[in-house]
Amino acid sequence: MIPRSDKPMRPKRCRVSGCGATFTPTRSFQKWCSPDCAVVLARQAKEKQRKSLAQRERREIKVRKEKLKSVGDYTKEAQAEFNRFIRERDKDQPCICCGSYGSDEDWLTGGKWDAGHFLSRGAYPELRFDEDNCHKQLKTCNGGSGKYAAKGRTVAQGYRERLIQKIGQERVDRLEGPHEPKRYTVEDLKAIKAEYRAKTKELKGRAA
Ligand SMILES: [Zn+2]
Ligand SMILES: [Zn+2]
């Protein structure tokens, strides 16, 4: 038996929102004025527990997914953010290789512009996040270079000529010169993604 205090309890307010009745509890932990309110409170507590459990599960799933991501996935995410920045930076400029703004039909077929690399990411991974090496390019120009060798040559030549006009011979020489090989760690890639997200946001803020 739990000994009951013979001191009279102080009156409390019922915890059920919308009730708020004043009552004199018979136990110190009692938070409800009536059996009905007790049921309501119990239900609310259970609901709260259920919600926090669901929240914890979602968090755990997120952590697990994060662990399953490969360096390739992080590279893709960082590249997407970098490319978005390039398109924003060159927003008012024409295609780097042909100087055209493209036709409106291109726009209708889902996205007109790419961020096109001068020296390819495959052959020059160390230049995949180099701002001099990447410029706004029509998707049709960017996509055509691989498929048609003859057209590809003109696309590449056009890119090089217009790139020299845009950034100068010296900077093009740097791109075409020797570079240190680069291996990106997950931490590097996360940092690049965050950096370019912030830079794009800053550009957009400045334009607004
Ligand atoms: Zn009540
Ligand atoms: Zn072009």
Problem - N133 side chain vs L127 backbone, donor-acceptor pair below 3.5 Å - result: yes
Practice task
Heavy atoms only: give me the nearest P11-P25 pair and the separation to one decimal.
Solution key: CA-CD, 4.3 Å
Practice task
Using ring-ring contact (aromatic ring centres under 6.0 Å, His included) as the criterion, list what pairs up with F23, not counting sequence neighbours.
Solution key: none
Handout entry: Counterpart residues, side chain to side chain contact (heavy atoms under 4.5 Å, CB included), relative to E60 (two or more places apart)
Key = R56, R64
Practice task
Answer with yes or no whether the hydrophobic clustering places V39 together with V16; edges join I, L, V, M, F, W, Y residues whose side-chain heavy atoms lie under 4.5 Å apart.
Solution key: no
Exercise for the section: Output yes when E81 and K193 qualify as a salt bridge under the 4.0 Å nitrogen-oxygen rule, no when they do not. Expected result: no
Exercise for the section: Compare all side-chain heavy atoms of F118 with those of E176 and state whether any distance is below 4.5 angstrom. Expected result: yes
Problem - Closest approach of C97 to V155 (non-hydrogen atoms, all atoms of both residues) - result: CB-O, 3.6 Å
Problem - Side-chain (D188) to main-chain (T185) donor-acceptor, under 3.5 angstrom - result: yes
Exercise for the section: Taking side chain to side chain contact (heavy atoms under 4.5 Å, CB included) as the test, write out the residues that go with V186, two or more places apart. Expected result: V71, Y74, K190
Practice task
Take atom NZ of K76 as the centre, draw a 6.0 Å sphere, and report whether it contains more than 12 heavy atoms from other residues, nucleotides or ligands.
Solution key: no
Handout entry: ring-ring contact (aromatic ring centres under 6.0 Å, His included) against F129, all qualifying residues, sequence neighbours excluded
Key = F82, Y184
Practice task
Would you list the pairs meeting salt bridge (charged side-chain N to carboxylate O under 4.0 Å, His left out) in which at least one residue belongs to residues 28-47, sequence neighbours left out?
Solution key: E47-R50
Handout entry: Of all pairs that satisfy salt bridge (charged side-chain N to carboxylate O under 4.0 Å, His left out), the ones with a partner from residues 122-133, not counting sequence neighbours
Key = D130-R174, E131-K199, D132-R171, D132-R174
Handout entry: Identified side-chain hydrogen bond (donor to acceptor under 3.5 Å, both in side chains) counterpart of H135 within the set Q93, R87, R89, H117
Key = R89
Handout entry: Expected output: side-chain N83 to main-chain A80 donor-acceptor under 3.5 Å
Key = no
